Amino acid sequence: MKKTIILSAMAIAVLIFSNCSSSKKAAGVPKLTYESSIQTVVMANCSPCHIPAKGGNKKPYDNFTNVQKDIDEMIRRIELNPGEKGYMPFKRAKLSDSTIAIFKQWRTDGLLEK
């Protein structure tokens, strides 16, 4: 739980700092990438179920290709509320709005790997 809070706080900080720039620099705001933003969030919130190295036996999300391919379904499921069919992360608290926003922003930014 503590890891989730820390990672969520880091994700919020990334979003805040990426949007805190003068209007002159606004055009140069870096886009979110899998390696810089998504990979850490996935490892923290989709483990162990979707991380084979941690004993997971569900579809692996420990790589860019699978996450990129399934991003729409991942977002749909993490936006559900606990108790709804298909809710993720299974048997865990709902992800924060800021964490869900990271996935959405990555999709908007073009699903970049690096």
Side-chain angles (χ1 to χ4, degrees):
M1 182 69 167
K2 191 174 183 179
K3 285 183 181 180
T4 303
I5 293 170
I6 291 170
L7 287 171
S8 294
M10 288 174 36
I12 291 169
V14 167
L15 287 174
I16 290 171
F17 288 117
S18 68
N19 290 317
C20 290
S21 61
S22 68
S23 59
K24 294 178 186 176
K25 295 181 182 178
V29 174
K31 294 182 177 186
L32 296 182
T33 68
Y34 173 78
E35 286 187 1
S36 70
S37 304
I38 301 300
Q39 187 174 28
T40 305
V41 177
V42 168
M43 294 300 281
N45 294 291
C46 304
S47 177
C49 302
H50 293 281
I51 310 299
K54 294 188 178 188
N57 61 359
K58 304 292 181 196
K59 183 167 187 174
Y61 288 142
D62 60 346
N63 63 76
F64 167 75
T65 303
N66 287 351
V67 175
Q68 179 190 38
K69 180 180 173 188
D70 290 352
I71 191 63
D72 291 328
E73 181 64 8
M74 290 173 73
I75 291 171
R76 184 191 73 78
R77 293 180 75 172
I78 62 177
E79 287 185 314
L80 294 173
N81 291 310
E84 292 182 295
K85 186 177 180 178
Y87 166 79
M88 287 291 150
F90 187 66
K91 293 187 179 179
R92 291 194 181 176
K94 183 170 177 69
L95 298 179
S96 68
D97 290 341
S98 61
T99 301
I100 295 171
I102 291 170
F103 285 96
K104 290 179 174 182
Q105 186 61 49
W106 180 57
R107 181 179 58 188
T108 299
D109 287 349
L111 304 171
L112 303 171
E113 182 174 11
K114 298 178 185 181

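Since we're looking at a predicted model, the values are computed, not measured.
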Exercise. Name all residues meeting the ring-ring contact (aromatic ring centres under 6.0 Å, His included) criterion together with Tyr61; count only those two or more places apart in sequence or in a different chain, and write none if there are none.
Key: His50
Quiz item: Hey, does Asp62 have a side-chain heavy atom less than 4.5 Å from the side chain of Pro52?
Solution: yes
Quiz item: Can any side-chain N or O of Asp70 pair as donor or acceptor with the backbone N or O of Glu73 at less than 3.5 Å?
Solution: no
Quiz item: If you group Ile, Leu, Val, Met, Phe, Trp and Tyr by side-chain heavy-atom gaps below 4.5 Å, do Ile102 and Met43 land in one group?
Solution: yes
Quiz item: Hey, are the side chains of Lys85 and Arg77 touching, using non-hydrogen atoms and a 4.5 Å cut-off?
Solution: no
Quiz item: Would you say Ile38 and Thr33 make side-chain contact, with heavy atoms under 4.5 Å?
Solution: no
Exercise. Sequence neighbours left out, what passes side-chain hydrogen bond (donor to acceptor under 3.5 Å, both in side chains) with Lys31? Give chain and number order.
Key: none
Self-check item: Lys58, NZ atom: more than 12 neighbouring heavy atoms under 6.0 Å
Solution: no
Quiz item: According to the interplanar angle, ranging from 0 to 90°, do the rings of Tyr34 and Trp106 count as parallel (below 30°), tilted (30 to 60°) or perpendicular (above 60°)?
Solution: tilted
Quiz item: Of the non-hydrogen atoms in Asp109 and Leu32, which two are nearest, and what is the gap between them?
Solution: OD2-N, 2.8 Å
Quiz prompt | Pairs satisfying salt bridge (Lys or Arg N to Asp or Glu O under 4.0 Å), at least one member in residues 93-104, at least two apart | solution = Glu79-Lys104
Quiz item: Which residues, ordered by chain and number, are linked to Leu80 in its hydrophobic cluster, where ILVMFWY side chains connect at heavy-atom gaps below 4.5 Å, directly or through other members?
Solution: Tyr87
Quiz item: In Å, rounded to the nearest 0.5 Å, how long is the span from CZ of Phe103 to OG1 of Thr108?
Solution: 13.5 Å
Quiz prompt | Ser47: partners by side-chain hydrogen bond (donor to acceptor under 3.5 Å, both in side chains), with sequence neighbours left out | solution = none
Quiz item: Looking at residues at least two apart in the chain, or sitting in another chain, which of them share a side-chain hydrogen bond (donor to acceptor under 3.5 Å, both in side chains) with Asp72?
Solution: Arg107
